[in-house]
Amino acid sequence: MADSTAFTFKTDSGEERSINPKDLVAVVPGPDDSLSTVIYVEHDPQDDTALPKAIITKGTAQPTIPLQDTSDEETHIIISTASGTTKAQLFHDQVLTPILESLFPKGHPNFLTHVTDSPSSIKNLTSDIFLPTAQAGIPLRILLLSGDGGIVDLINGLSSHPKSPSYLPPKLVLLPLGTANALYHSTTAGQDTTWGLRALASQVSKPLPTFTATFSPGARLLTHEGQIEEALPTNEAGDPVLHGAVVASWAMHASLVADSDTPAYRPHGISRFQMAAKEALFPADGSLPHAYQGTISLLRNGEWSPIPETQHMYVLASLVSNLERKFCISPHTGVLDGRLAVVRFGPRSGGRR
């Protein structure tokens, strides 16, 4: 008997097959009542970080989407080659491409592919292509093979100029090829294990909440492992600003993210954060973790109120529930609910929970 919680269908050879419904990308109807195309992914049972395998087969199953022969939206694919453990190109070639060919048999050859070759590639693409297209009111879809950093670059590029009256926000399909992929894991909430591929077949979209961080005059953006200073973009008042959709942090969280973003740490994938955290929590000289000094005020009901403590260890403002797939930092944050949660605690020893 088939598992009632599984998605079950019959292949064109008559074999009954059952899969986890979380692995289903789409069932595309065939023309003239012919067999449907069932698209799903298979995972490596020994390695949950390995890329999935795309399975595309003919079978008898209830379609989940209409037959799509074309794409009415201008579609761009961004392959962020340096994201995560640098598997974005492999994912594009082995997983994404055959699925696009099945979902959009006529439209996919018109999709435009961009391969990043520098840390500024996504910013440049946004400035040169995506922002002008959105400002002109042209429907635009962006398939982003990246992590949270690519999203931040895209958002800042789209927010770099006032919106025109005809501005049409691009649709973003996030394919999580970064290290932590906080936004992806927070929006899917464990209900989609297709690495974002299911969103390709969906016509449903939701606005992406963002925040703006304003800095003091003279503030600079550090890049290239802190070796290069860049001027921050400014708002209409001339204040330095950055925009985000994931987290804004200070103190230890900001330090370990920066410290782990090096060529030596990146090949370790998600473990790089734990490696950097261990060094920060247990300094080699045996001293206590660094205590950060500063005044923090929170805006509640239209009024700023400072918190009493002026020494801090961890300060995080978050629009997401999860920083990693299994690391829930804000359990009360809903999917894209636009609420900014603040997580903070003061100085303590590295072994204290």
Side-chain angles (χ1 to χ4, degrees), residues 3 5-9 17-26 38-57 77-100 143-151 172-202 246-247 253 256-257 260-278 318 320-331 333 335-336:
D3 185 349
T5 63
F7 177 82
T8 303
F9 65 98
R17 191 175 297 180
S18 295
I19 64 170
N20 188 326
K22 295 180 181 180
D23 294 336
L24 179 66
V25 175
V38 183
I39 307 171
Y40 61 98
V41 297
E42 285 185 348
H43 304 280
D44 184 338
Q46 306 301 322
D47 182 4
D48 61 4
T49 66
L51 296 182
K53 182 179 179 181
I55 306 297
I56 302 170
T57 186
I77 303 170
I78 303 177
I79 303 172
S80 181
T81 55
S83 289
T85 52
T86 67
K87 295 179 180 178
Q89 184 69 64
L90 191 63
F91 182 90
H92 171 269
D93 298 343
Q94 296 185 356
V95 185
L96 177 61
T97 295
I99 288 178
L100 291 179
L143 314 186
L144 184 59
L145 285 70
S146 172
D148 297 312
I151 298 163
L172 174 64
V173 177
L174 178 58
L175 305 174
L177 272 297
T179 301
N181 304 300
L183 183 61
Y184 171 78
H185 292 304
S186 298
T187 53
T188 57
Q191 299 306 305
D192 177 358
T193 55
T194 68
W195 288 55
L197 295 163
R198 182 181 297 170
L200 296 170
S202 175
V246 187
V247 299
H253 180 268
L256 70 88
V257 170
S260 66
D261 191 18
T262 67
Y265 277 116
R266 289 190 201 106
H268 295 281
I270 199 68
S271 298
R272 68 181 173 96
F273 297 121
Q274 299 175 10
M275 296 165 66
K278 183 177 180 180
S318 177
V320 298
S321 59
N322 286 51
L323 295 184
E324 304 168 14
R325 181 168 67 89
K326 297 180 179 180
F327 182 13
C328 181
I329 192 70
S330 180
T333 297
V335 176
L336 301 177

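Heads up: numbering here begins at 1 and tracks the sequence.
Put simply, the side chain of Asp261 reaches to within 4.5 Å of the side chain of Arg266, judged on heavy atoms. Between Val320 and Val247, the closest side-chain pair of non-hydrogen atoms falls below 4.5 Å. Using a 4.5 Å cut-off on side-chain heavy atoms (C-beta onward), Lys87 and Leu177 make contact. Considering only heavy atoms from C-beta on, Leu197 comes within 4.5 Å of Leu175 through its side chain. Here the side chains of Ile56 and Pro98 are in contact, with some heavy-atom distance below 4.5 Å. Leu200 has its side chain within reach of Leu100: a pair of non-hydrogen atoms, C-beta onward, lies under 4.5 Å apart.
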Next item on the list: Show your reasoning for whether side-chain contact (heavy atoms from CB on, under 4.5 Å) applies to Ile329 and Ser318.
Entry: CA-CA 9 Å; Ile329 192 70; Ser318 177; 4.3 Å; yes
Next item on the list: Any chance you could lay out the side-chain contact (heavy atoms from CB on, under 4.5 Å) test for Ile77 and Leu96, step after step, and finish with the verdict?
Entry: CA-CA 10 Å; Ile77 303 170; Leu96 177 61; 4.2 Å; yes
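No hydrogens or angles considered: a donor-acceptor pair under 3.5 Å links the side chains of Thr193 and Asp23.
Phe273 pairs by the ring pair (Phe, Tyr, Trp, His ring centres under 6.0 Å) definition with nothing, not counting sequence neighbours. With sequence neighbours left out, His253 forms a ring pair (Phe, Tyr, Trp, His ring centres under 6.0 Å) with Tyr314. For Thr49, the side-chain hydrogen bond (donor to acceptor under 3.5 Å, both in side chains) partners at least two apart in sequence or on another chain are Asp47.
With rounding to the nearest 0.5 angstrom, the SG atom of Cys328 is 8.5 Å from the CG atom of Leu323. Taking CG of Leu183 as the reference point, atom CG of Leu144 lies at 10.0 Å (rounded to 0.5 Å). Here Asn322 contributes atom CG and Thr188 contributes atom OG1; the two are 8.5 Å apart, rounded to the nearest 0.5 Å. Atoms OH and CD, on Tyr184 and Glu324 in that order, are 15.5 Å from each other to the nearest 0.5 Å. Taken to the nearest 0.5 Å, the CG atom of Asp48 stands 5.5 Å off from the NZ atom of Lys326. Taken to the nearest 0.5 Å, the CH2 atom of Trp195 stands 12.5 Å off from the CD1 atom of Ile99.
Electrostatic pairing of Asp192 and Lys22 does not count as a salt bridge here, judged by no charged N lying under 4.0 Å from a carboxylate O.
When all heavy atoms are compared, the tightest approach of Ser80 to Ser146 is CB-CB, 3.8 Å. Looking at every heavy atom in both residues, Pro21 comes nearest to Ala6 through CD-CA, 4.0 Å. Between His43 and Pro52 the shortest heavy-atom distance is ND1-CB, 4.1 Å. Taking both residues in full, the closest heavy atoms of Leu145 and Ala88 are given as CD2-O, 3.4 Å, listed atom of the first, atom of the second, then distance.
In terms of modelled atom types and a separation under 3.5 Å, the side chain of Thr97 and the main chain of His92 share a donor-acceptor contact. For the pair Ser186 (side chain) and Ser321 (backbone), a donor-acceptor distance under 3.5 Å is present. Checked by atom type and distance alone, the side chain of Asn181 never pairs as donor or acceptor with a backbone atom of Arg325 at under 3.5 Å. Here the side chain of Arg272 pairs no donor or acceptor atom with the backbone of Pro267 at under 3.5 angstrom.
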